[in-house]
Number of protein chains: 2
Amino acid sequence: MTATTLHRPTHRDALYLLEEAFGDGRMVTLFGRCTVDYDGRATSSLGPGDRLVVCKPDGTILVHTDEKRKPVNWQPPGCTHRASVRDGHLRVRSERSTPTERLDVAFERIDQVTAYEVTDRSDLRLQGSEEDLRRRILDDPALVEEGFVPQATERETAAGPVDVFGEDAAGRPVVVELKRRRVGPSAAGQLQRYVEAVDEEFPDEGVRGVLVAPSVTDRARELLAERGLSFVAVEPVADEGDDESGDGDSVAKAEGDGGDDGADAGRDDGPDAGDDAADESDDAADDTAE
Amino acid sequence: MTATTLHRPTHRDALYLLEEAFGDGRMVTLFGRCTVDYDGRATSSLGPGDRLVVCKPDGTILVHTDEKRKPVNWQPPGCTHRASVRDGHLRVRSERSTPTERLDVAFERIDQVTAYEVTDRSDLRLQGSEEDLRRRILDDPALVEEGFVPQATERETAAGPVDVFGEDAAGRPVVVELKRRRVGPSAAGQLQRYVEAVDEEFPDEGVRGVLVAPSVTDRARELLAERGLSFVAVEPVADEGDDESGDGDSVAKAEGDGGDDGADAGRDDGPDAGDDAADESDDAADDTAE
DNA sequence: AGATCCATCTCGCCG
DNA sequence: CGGCGAGGTGGATCT
């Protein structure tokens with residue numbers, strides 16, 4: 001009984017299933033021809049068409065067409081779903097407050113309704129996030145530059161929290177902003193805001209700013225240069241070739257350069273050694289489609 | 001025949017349906033107990049659980065749990081779906097290149113598979129976007145300030161395209177950055193970048209910057225003040241009460257203030273007249289569920 | 001393909 | 001609840 005399905009149901013029969021499913025916390029999918037109207041942070045209307053509608057027990061609703069990753073219309077978790085039959089349409093309404101938002105789906109034809117029993121307790125483990133990059137930096141601060149000493153993460157400033165705060169070999173304060181992927185102008189601006197804020201805390205100490213990311217766009221590099229900020233290329237996860245055992249002095253892409261007079265404009269963009277052909281799946285499968 | 005469903009199918013039967021559906025461009029939903037592994041821009045793995053998987057004919061794949069608006073795992077449009085049966089699992093693999101990414105879903109149990117015929121050709125009409133705000137400003141430049149004369153939209157600068165570029169009553173260049181909703185520090189930084197870029201084009205002309213949005217956070221307001229930039233409160237869509245006919249001098253929230261010596265620190269945050277009780281739906285419906 | 005920016009961004013965290 | 005920033009952001013647009 002984990003999935004209950006009605007094919008081409010009457011609106012009334014579909015309504016009954018929706019009542020039950022909304023009541024006991026099941027997930028619901030509807031497929032059929034419908035229109036969608038939304039009013040809230042913005043306003044939208046969508047003419048008739050065939051769509052897949054998903055109602056989750058946490059109050060989420062999604063309206064998907066046959067294209068794109070994002071739903072054409074939706075409502076976030078925490079909304080209240082209601083269904084009704086009126087004017088010959090099965091209507092699903094989802095509402096919330098703060099902000100006040102309403103989504104209305106009106107089906108003129110329902111091809112299928114299904115209610116699912118869902119029990120999912122398994123957390124996603126993800127690698128390659130900014131936090132992984134931070135761990136990498138803390139594990140081997142020389143990746144930022146020789147002699148860098150981290151002192152705090154998420155250090156609060158007037159402009160917001162700094163990813164990694166520390167000192168360089170000369171004892172100057174260093175603000176490090178981390179990005180898990182190639183950075184553009186906004187990251188440069190963000191780093192600048194942090195450096196300015198810290199600079200007011202430590203006047204005349206020559207606060208430095210370092211953007212750490214896999215790579216940087218040209219314009220962002222210019223912005224950094226204009227503002228006397230540096231860039232260092234580091235991947236969020238260590239390449240396979242790298243020696244990542246305890247005593248890591250072989251990781252030294254950034255070395256030498258005693259950094260004597262502030263703000264060197266950053267080592268160059270890494271060569272990005274690219275994808276090694278590690279296709280570990282021998283596709284001698286039983287059956288294969290498309 | 002718009003929806004073909006198999007209940008608790010064998011993996012092999014499910015595979016046949018997937019083959020057909022992938023072949024003739026139908027949308028597919030699968031529900032069952034599965035694990036998910038991803039490798040690409042990052043890497044992730046998800047242990048076994050009941051999930052709803054949606055495969056779109058454009059190459060999108062979505063893995064949804066019973067919570068949240070976003071899929072736990074996904075693959076964007078343009079990917080290639082393949083299905084197979086191996087080691088007692090129904091496997092769905094979705095791949096693409098640039099960047100190289102692979103998603104694997106392995107079902108140990110399939111409760112339901114459905115293939116849908118989808119024909120959707122109806123465009124979403126949405127109001128309240130930044131573009132609406134821009135039209136509003138161009139329609140009535142006095143919303144920015146008395147005497148403002150727009151000269152270009154999306155005007156290119158060394159720092160990127162400026163939303164609205166023009167002149168104030170004194171002939172000084174004005175950079176306007178538009179935001180459809182309340183702005184934080186990043187918008188202030190963005191405006192600053194543009195102003196600096198334009199300032200290099202027009203040295204000694206006292207280029208001004210105006211951030212136009214419904215409201216602003218405290219920190220962003222400080223940043224604007226530090227940089228000599230202004231803020232003007234404007235909603236992306238006109239309030240119902242407003243007179244939006246041709247001769248608009250009733251809209252004048254921003255008036256007077258000849259702006260003689262640059263950079264007034266912005267009129268205050270609008271009062272946000274809030275939601276009027278325009279509940280046009282009398283809910284004397286036939287049937288209503290939860 | 002890359003760069004830039006908007007988005008009903010969503011999401012989590014923290015005050 | 002609002003502010004703030006990350007995200008496998010997605011998506012559009014332009015070069």
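Reckoned from all heavy atoms, side chains included, excluding hydrogens, waters and symmetry mates. Chain naming here is simple, since letters A, B, ... match the order of the sequence lines and numbering starts at 1 in each.
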Whole angstrom value for the distance that separates P of C:dC9 from CG of A:Asn73: 13 Å
Charged N-O contact under 4.0 Å between B:Arg91 and B:Asp104: no
Determine the contact category for B:Arg180: base if any of its heavy atoms lies under 4.0 Å from a base atom, sugar-phosphate if only primed atoms, P, OP1 or OP2 are that close, otherwise nothing. sugar-phosphate
How is B:Glu177 classified with respect to the nucleic acid when contacts are heavy atoms under 4.0 Å: base, sugar-phosphate, or nothing? sugar-phosphate
So which atom in A:Asp66 and which in B:Met27 form the shortest heavy-atom distance, rounded to 0.1 Å? CA-SD, 4.1 Å
How far, in whole Å, is C:dT8 from C:dT4 if one measures between their P atoms? 23 Å
Note: A:Ala188 and A:Leu211 closest approach over all heavy atoms is N-CD2, 4.3 Å
Under 4.0 angstrom, heavy atoms only, what part of the nucleic acid is B:Pro71 near: base, sugar-phosphate, or nothing? nothing
Once you apply a heavy-atom cut-off of 4.0 Å, does A:Ser129 come out as touching a base, just sugar-phosphate, or nothing? sugar-phosphate
With heavy atoms under 4.0 Å as the rule, sort A:Pro76 into base, sugar-phosphate or nothing. nothing
Can a side-chain donor-acceptor contact be found between B:Lys70 and B:His64 if the only test is distance below 3.5 angstrom? no
Between B:Arg227 and B:Leu223, is a side chain to side chain contact (heavy atoms under 4.5 Å, CB included) present by the stated rule, with each step listed? CA-CA 6 Å; B:Arg227 291 154 169 69; B:Leu223 283 168; 3.2 Å; yes
Nearest-Å distance, CD (B:Gln127) to C1' (C:dT8)? 13 Å
Would you say A:Lys56 and A:Gln75 are linked by a side-chain donor-acceptor pair, where the criterion is simply a distance under 3.5 Å? no
Footprint ends on DNA chain D, 5' to 3', for atoms under 4.0 angstrom from a heavy atom of chain A, come out as D:dC1 to D:dA12
Indicate the atoms forming the closest heavy-atom contact of B:Leu191 with B:Gly209, along with that distance. CD2-C, 3.9 Å
Just call it for A:Gln190: base, sugar-phosphate, or nothing, with non-hydrogen atoms closer than 4.0 Å on any strand. sugar-phosphate
Rounding to a whole Å, what distance do you find between B:Leu178:CG and C:dC5:C1'? 13 Å
Separation of C:dC11 P from A:Leu124 CG (nearest whole Å): 13 Å
Run the salt-bridge test on A:Glu201 and A:Arg155 with the 4.0 Å N-O cut-off and return the result as yes or no. yes
Let me spell it out: for each of A:Ser186 and B:Arg181, pick the nucleotide of DNA chain C with the closest heavy atom. Which residue's pick is nearer the 5' end? A:Ser186
Is the shortest side-chain N to carboxylate O distance from A:Glu177 to A:Arg193 below 4.0 Å? no
Short heteroatom pairs, N/O only, protein and nucleotides 1-4 of chain C, under 3.5 Å:
| from | atom 1 | to | atom 2 | distance (Å) |
| --- | --- | --- | --- | --- |
| C:dA1 | OP2 | B:Thr98 | OG1 | 3.4 |
| C:dA3 | OP1 | A:Arg182 | NE | 3.2 |
| C:dA3 | OP1 | A:Arg182 | NH2 | 2.4 |
| C:dA3 | OP2 | A:Arg182 | NE | 2.7 |
| C:dT4 | OP2 | A:Thr217 | OG1 | 2.7 |

Assess whether a salt bridge exists between A:Arg135 and A:Glu131, defined as any Lys/Arg side-chain N lying under 4.0 Å from an Asp/Glu carboxylate O. yes
Using whole Å, what does the distance between atom C1' of nucleotide C:dC5 and atom CZ of B:Arg134 come to? 13 Å
Between B:Lys68 and A:Asp58, does at least one N-O distance fall below 4.0 Å, as a salt bridge requires? no
Go through the steps to decide whether B:Ile61 and B:His81 satisfy the test side chain to side chain contact (heavy atoms under 4.5 Å, CB included), and finish with yes or no. CA-CA 8 Å; B:Ile61 184 168; B:His81 305 324; 3.8 Å; yes
Just how far, in rounded Å, is P of C:dT10 from CG of A:Leu126? 20 Å
Checking B:Asp199 now: which residues fulfil side-chain contact (heavy atoms from CB on, under 4.5 Å) with it, not counting sequence neighbours? B:Val207
Verdict with supporting geometry, B:Tyr194 and B:Asp163, side chain to side chain contact (heavy atoms under 4.5 Å, CB included): CA-CA 10 Å; B:Tyr194 295 156; B:Asp163 283 340; 5.9 Å; no
Would you mind reading off the distance between A:Leu223 atom CG and C:dC5 atom C1', rounded to a whole angstrom? 14 Å
Taking the P atom in each of D:dC4 and D:dG8, what is the distance between them to the nearest angstrom? 23 Å
With Watson-Crick and G-U wobble geometry limited to distances under 3.5 Å, how should the secondary structure of DNA chain C be encoded in dot-bracket form, using | for bases paired to another strand and [ ] for crossing pairs? |||||||.|||||||
Starting at CD of B:Glu131 and ending at P of C:dC6, how long is that distance when rounded to a whole Å? 13 Å
Which of residues 46-70 of chain A sit near DNA chain D, with a heavy atom under 4.0 Å from it? A:Lys68, A:Arg69, A:Lys70
Donor-acceptor contacts under 3.5 Å from residues 35-48 of chain A side chains, at least two apart:
| from | atom 1 | to | atom 2 | distance (Å) |
| --- | --- | --- | --- | --- |
| A:Tyr38 | OH | A:Arg41 | N | 2.8 |
| A:Tyr38 | OH | A:Ala42 | N | 3.3 |
| A:Tyr38 | OH | A:Glu101 | OE2 | 2.4 |
| A:Asp39 | OD1 | A:Thr43 | OG1 | 2.8 |
| A:Arg41 | NE | A:Glu101 | OE2 | 2.6 |
| A:Arg41 | NH2 | A:Glu101 | OE1 | 3.4 |
| A:Arg41 | NH2 | A:Glu101 | OE2 | 3.3 |
| A:Ser44 | OG | A:Asn73 | ND2 | 3.1 |
| A:Ser45 | OG | B:Arg125 | NH2 | 3.3 |

